[in-house]
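Read the structure below first, then the notes.
None of the values given here were measured: they were computed from a predicted structure. Heavy-atom basis, side chains included; hydrogens, waters and symmetry copies ignored. Residue numbers begin at 1 in each chain, while the letters A, B, ... track the order of the sequences.
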Amino acid sequence: MKKEIPKAYDAREVEDKVYKIWEDSGFFNPDNLPCAGEGKTPDKFVISMPPPNATGILHLGHASMLAYQDLMVRFNRLKQKQTLWLPGTDHASIATQTKVEKIIAEEGKTKYDLGREKFLERVHEYVEGSQDTIRNQVRKMGSSCDWSRERYTLDEGLSEVVKEVFEMMYKDGLIYRGDRIVNWCPRCESTLADDEVEHQETKGKFYFFRYSKDFPITIATTRPETKLGDVAVAVNPKDEKYKEFVGKIYKINLGNGEHEIKIIADRNVDMTFGTGALGVTPAHSMVDFQMAHENDLPVIKVIGEDGRMTAEAGEDYEGLTTVEAREKIAQYFRDNGLMEKEEEVDQNLSICYRCDATIEPLPSLQWFIDVNKKITKEGNKYFQDKSLKEVMLQVVREREVKIIPERFEKAYFSWVENLRDWCISRQLWFGHRVPVWYCEDCGEIILNKKDEEACPKCKSENIKQDSDTFDTWFSSGMWTFSTLMDKDFTKYNTFEEWMKSSPDLAKFHPTSVMETGYDILPLWVARMILMTTYVVGEIPFENVYLHGMLRDKEGRKMSKSLGNGIDPLEMIEKYGTDALRLSLIVGSAPGNDLKVYEEKIENYRNFVNKLWNISRYILMSVKEVGQIEKRPEAKTLADEWILGEIDILVASVGNNLENFRFSLAGEDIYDFAWSKLADWYLEIAKVEGDKDEILLYALERLLIVLHPFAPFVTEEIWKNFGFDNLIMIEKWPESSVSVKMNIDEYRTVRIVGCSEEDAAIRGDFELIKNMITSIRNIRAEYKIEPVKKLKAVIVSIDKKDLIESQAEIIKFLGRIEELEMVDKFEKSDDMAMAVLPGVEIFVSLEGLVDREKERQNLLKEKENLEKFVKNLEAKLENETFVAKAPAKIIEQEKTKLTDSKDRLGKVEEKIKSLL
RNA sequence: GGUCGCUUGGCUCAGUUGGUUAGAGCAUACGAUUCACAUUCGUAAGGUCGGUGGUUCGAGUCCACCAGCGACCACCA
């Protein structure tokens with residue numbers, strides 16, 4: 001068959017067209033797959049795409065996530081599983097709001113200038129724009145996700161789920177409203193969850209002072225301005241220095257009125273830190289708040305939500321920023337002789353993970369989820385007198401949810417064990433509004449108000465909705481199941497009915513794999529486990545595959561400020577999506593960071609082109625193109641060998657992908673295509689000829705196993721075959737029965753082949769390859785022009801038949817004109833020599849031989865062999881080795897020894913002859 | 001302070017329950033260009049697997065300690 005195929009693969013020309021064909025085929029939707037049947041799906045594979053934030057553009061991190069997920073999705077689709085990859089976007093309340101605030105700030109406006117409604121309009125407008133960008137970019141990566149099921153955390157259905165779940169948790173007593181110390185970001189004007197707070201090393205000052213001249217204890221603090229709100233001094237009960245003061249009450253006045261300071265004992269106080277005495281500021285420290293609560297002390301809030309001092313701080317301080325107030329009160333201590341000393345210290349400053357502003361701990365009335373309360377939930381197998389925390393630990397401990405790599409389990413456990421009640425309300429405008437109304441007249445709390453306008457208790461119409469919104473993780477924690485619930489929720493009377501009657505939820509939940517970065521294990525993964533086990537009574541996913549962070553060549557994090565980020569779209573434009581995908585997959589290990597740089601992508605572009613040319617050659621050289629279903633008959637040793645290699649490839653790639661070893665699978669394919677098929681088999685096929693069936697068989701299988709990695713080029717080549725079907729929904733090839741791929745046998749398979757017969761074939765073929773390489777080596781050594789044909793004499797007794805049968809190959813690939821086989825060969829001065837196990841090769845050089853050089857080469861080889869033989873002999877003479885090592889290993893070592901001794905003898909002989 | 005990870009040729013990394021003379025790719029050196037592919041082909045050089053001990057017949061692989069690097073968590077007022 002002669003077909004015009006371009007010499008080089010042009011990704012730009014191909015990719016968008018191919019994506020369109022896929023999308024139009026409808027096979028991204030599992031309902032349209034050939035395996036889709038009515039009712040139960042015996043074999044499904046489901047991934048919920050971690051929704052990219054609805055801000056801005058896709059970066060390389062997204063590209064890698066899409067590459068891994070599409071790899072799994074396409075592999076499982078080929079395995080004929082009913083495969084769903086559900087895409088979507090996250091409103092990411094705090095991130096998005098911050099972003100839009102920045103945009104309008106450039107216009108010289110604040111959100112207050114616009115007002116809540118107008119501001120939200122701007123946000124929605126912005127979100128729509130970036131969602132479009134994201135959708136296009138996700139397509140660019142070749143993602144085979146089901147766009148018909150796309151969801152958005154803020155769409156109607158998902159918002160309804162959020163409201164219903166809030167109500168459910170409230171009724172189960174898991175959600176309460178409480179006045180507690182929260183992490184407050186004065187810039188965002190909102191609370192943050194504990195894990196949304198980051199820490200930054202900074203230089204600070206440690207002030208040692210007394211409240212007044214007659215106060216008996218010196219206190220140390222880094223934040224003197226908070227001391228205006230002190231109500232006690234805590235010391236360790238074992239501390240002899242302070243024992244006499246415990247229980248006493250002193251009166252102090254720092255300028256904001258007279259306060260009582262009580263000396264209390266608390267075993268959490270570190271006697272060795274600072275002065276061993278701690279000024280208790282209940283309003284602005286979590287620990288202090290707890291102490292105050294236990295000792296029934298008042299809370300004085302001296303810092304407000306705007307990050308400035310309150311009226312309670314006294315008129316000297318009111319309105320000052322914390323930094324201004326800090327200096328002012330320090331000066332007051334100095335002026336009044338109360339300051340004992342000031343020291344420089346390193347301290348960890350708490351900052352907001354979105355805007356880097358300093359976090360102020362403040363007392364505030366917020367909504368919380370109680371993670372320690374034990375509940376029993378009817379029909380939920382997890383919640384039988386268990387707390388959220390307990391279930392979160394249980395499902396991972398019992399490996400219902402498997403974390404890959406396993407070591408991250410430990411991080412998960414330690415995070416869950418230290419989990420405190422989760423503050424879910426935020427004072428942001430953008431997000432799901434807390435579905436609670438308060439009656440201004442009687443104080444009644446109304447949940448999920450539907451139509452009634454009046455308070456059900458006092459009939460007052462003076463009711464107001466809570467102005468807060470939910471933590472973005474509260475809604476994204478429901479992502480795996482909320483996205484599978486029927487979009488039309490109005491049909492159902494209750495939430496339970498809605499859940500029970502959603503076909504996708506029944507069919508596709510729990511999902512198979514959650515693929516995400518290790519950085520959001522607590523932030524998101526843990527919360528999905530929490531929400532899903534509670535609401536659905538199922539785990540959200542069976543496996544969590546955690547990928548690493550992407551770094552540049554120097555190992556630095558990619559960031560805008562460093563300007564070292566690689567733009568995936570630019571790389572796609574330059575090298576093609578397949579090349580980018582391969583460079584992100586190969587070389588990556590779960591949980592390990594990956595360095596990405598342009599040369600690497602370029603290298604895989606070369607590979608993609610190599611594949612293109614392999615297929616170009618095969619398609620142009622075969623007489624007729626057809627799909628080869630059955631393993632063709634082997635006619636020659638090379639045929640046997642390549643067919644065996646295909647079996648091994650198919651089996652090992654399948655096994656590696658099933659076990660999340662993506663990189664190894666990719667390497668195996670790369671090696672097969674380039675070093676086995678192209679470099680050897682295609683060259684041999686040129687000599688042996690008549691291999692159409694095997695060539696097509698090999699190529700078809702190669703394309704299918706490579707398709708999950710490099711979907712575009714494989715589909716395009718498949719198209720060039722002229723087949724009607726898409727490779728995307730082909731069947732994953734069968735491997736020959738002799739290759740059993742369970743883990744125990746894996747090593748055996750890779751190293752010596754599967755059966756003895758197969759191993760012999762591999763061994764024979766290896767010998768022929770080595771002979772050719774040795775001849776080429778001699779040619780290169782003596783700088784003989786490749787066009788010049790040489791004569792060779794081969795001495796072999798055991799392998800005589802084998803070599804004779806492969807003579808044509810050796811002649812062609814070694815560029816040998818005349819190949820003579822003899823049983824014994826006397827030295828000849830103008831011949832260079834190579835010694836292989838059981839075979840001696842003499843290449844005629846017609847006077848070109850440099851006897852000294854030849855001798856040096858052989859001496860070097862002799863030295864190596866002697867060392868090797870010595871080691872082997874020592875090993876085999878070692879009685880304990882012979883007694884304890886497995887027979888197989890001993891046998892192996894013995895064979896090696898015989899072979900090497902044989903070679904050594906021949907090398908020595910030759911050296912003598914050169915003297 | 002706690003936890004985890006990394007350290008393999010010049011660079012980036014594989015190496016799956018311990019057993020091939022430790023493997024790739026890039027870079028390097030030498031040679032090749034009508035014949036699928038210079039986005040190519042051939043050949044070579046380059047590593048005592050961070051250090052020290054230990055377990056074992058056998059350690060890159062397991063254990064202990066040490067060193068360097070990195071990440072995460074927790075925070076001390």
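- In terms of polar N and O atoms assigned as donor or acceptor, the side chain of A:K686 comes within less than 3.5 Å of the base of B:rA36 in a complementary pairing.
- Separating the CD atom of A:E417 from the C1' atom of B:rC73 is a distance of 13 Å, rounded to the nearest angstrom.
- One can place CD1 of A:I520 at 16 Å from C1' of B:rA71, the figure rounded to the nearest angstrom.
- Nearest to the side-chain atoms of A:N878 among the listed nucleotides B:rU16, B:rC57, B:rC4 stands B:rC57.
- Across all strands shown, B:rU55 remains unpaired; no Watson-Crick or G-U wobble contact has both distances below 3.5 Å.
- Under the Watson-Crick or G-U wobble criterion, with both distances below 3.5 Å, B:rU61 has no partner in any strand shown.
- Under the Watson-Crick or G-U wobble criterion, with both distances below 3.5 Å, B:rU33 has no partner in any strand shown.
- Ring centers of A:Y207 and A:F333: at least 6.0 Å apart, outside the cut-off.
- When distances run from any side-chain atom of A:Y597 to the nucleotides B:rU43, B:rA77, B:rU12, the shortest one goes to B:rU12.
- Pairing of B:rA38, defined by two Watson-Crick or G-U wobble distances under 3.5 Å, is not identified with any nucleotide.
- Under the 4.0 Å criterion applied to side-chain N and carboxylate O atoms, A:K894 and A:E891 are not assigned as salt-bridge partners.
- In the set B:rA14, B:rG19, B:rC76, B:rA14 carries the atom at the smallest distance from any side-chain atom of A:L664.
- Across all strands shown, A:E667 has heavy atoms under 4.0 Å from sugar-phosphate atoms exclusively, and none from any base.
- The aromatic ring centroids of A:F662 and A:Y545 lie less than 6.0 Å from each other.
- Here the side chain of A:F273 is nearest to one of B:rU21, B:rA36, B:rC76, namely B:rC76.
- Not one side-chain nitrogen or oxygen of A:K410 sits closer than 4.0 Å to the OP1 or OP2 atom of B:rU3.
- Closest to the side chain of A:K600, out of B:rC76, B:rU12, B:rU39, is B:rU12.
- For B:rU43, one of the phosphate oxygens OP1 or OP2 lies less than 4.0 angstrom from a side-chain nitrogen or oxygen of A:R776.
- Searching all strands for a Watson-Crick or G-U wobble partner of B:rC69 with both distances below 3.5 Å returns B:rG5.
- Here the P atom of nucleotide B:rC37 and the CD1 atom of A:I5 are 12 Å apart, to the nearest Å.
- Judged by Watson-Crick or G-U wobble contacts below 3.5 Å, the nucleotide B:rU28 has B:rA44 as its partner.
- A:N613 has no side-chain polar atom (N or O) that falls below the 4.0 Å cut-off from OP1 or OP2 of B:rU39.
- Using a 4.0 Å heavy-atom criterion, one finds that A:N777 contacts the sugar-phosphate atoms exclusively.
- Side chain of A:K884, nearest nucleotide from B:rU56, B:rA71, B:rG15: B:rU56.
- Here A:N603 does not reach the OP1 or OP2 of B:rG25: none of its side-chain N or O atoms lies under 4.0 Å away.
- Between A:E863 and A:K867, no side-chain nitrogen of the basic residue sits less than 4.0 Å from a carboxylate oxygen of the acidic one, so the salt-bridge criterion is not met.
- Salt-bridge formation is not detected for the pair A:E873/A:K870: no Lys NZ or Arg NE/NH1/NH2 atom is positioned less than 4.0 Å from an Asp or Glu carboxylate oxygen.
- At B:rU39, none of the side-chain N or O atoms of A:K610 fall inside 4.0 Å of OP1 or OP2 (strictly under the cut-off).
- Regarding A:L582, its CG atom lies at a distance of 18 Å from the P atom of B:rC13, rounded to whole Å.
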For this session: Determine, stepwise, if the pair A:K862 / A:E866 fulfils salt bridge (Lys or Arg N to Asp or Glu O under 4.0 Å).
Result: CA-CA 6 Å; A:K862 180 179 169 226; A:E866 273 171 348; 3.6 Å; yes
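- Out of B:rA77, B:rU40, B:rA71, the shortest distance to the side chain of A:W674 is found at B:rU40.
- Residue A:A678 is in base contact, counting any heavy-atom pair closer than 4.0 Å across all strands shown.
- Between B:rA71, B:rA36, B:rA74, one nucleotide has an atom nearer to the side chain of A:L682 than all others, and that is B:rA36.
- Regarding A:Y575, its OH atom lies at a distance of 19 Å from the P atom of B:rG25, rounded to whole Å.
- Taking atom CD of A:E879 as the reference point, atom P of B:rU56 lies 18 Å away to the nearest angstrom.
- In this structure, a donor-acceptor pair under 3.5 Å is absent between the side chains of A:E198 and A:Y353.
- Proximity of A:N606 to the phosphate of B:rU40: a side-chain N or O atom is located under 4.0 Å from OP1 or OP2.
- Residue A:V287 is classed as a sugar-phosphate contact, given heavy-atom separations below 4.0 Å to backbone atoms only.
- Each of A:F868 and A:S663 was matched to the nucleotide of RNA chain B holding its nearest heavy atom; the match closer to the 5' end belongs to A:S663.
- In this structure, A:F607 atom CZ and B:rA36 atom P are separated by 20 Å, rounded to whole Å.
- In terms of position on RNA chain B, the residue among A:D679 and A:N592 whose nearest nucleotide sits closer to the 5' end is A:N592.
- OP1 or OP2 of B:rU43 lies within a sub-4.0 Å distance of a side-chain N or O belonging to A:T773.
- A sub-4.0 Å separation between OP1 or OP2 of B:rU12 and a side-chain N or O of A:K595 is present.
- Relative orientation of the A:F206 and A:F208 rings is perpendicular, given thresholds of 30° and 60° on the angle between their planes.
- Considering only side-chain N and O atoms, A:W415 lies nowhere under 4.0 angstrom from the phosphate OP1 or OP2 of B:rC72.
- At whole-Å resolution of the value, OH in A:Y617 and P in B:rC41 are 15 Å apart.
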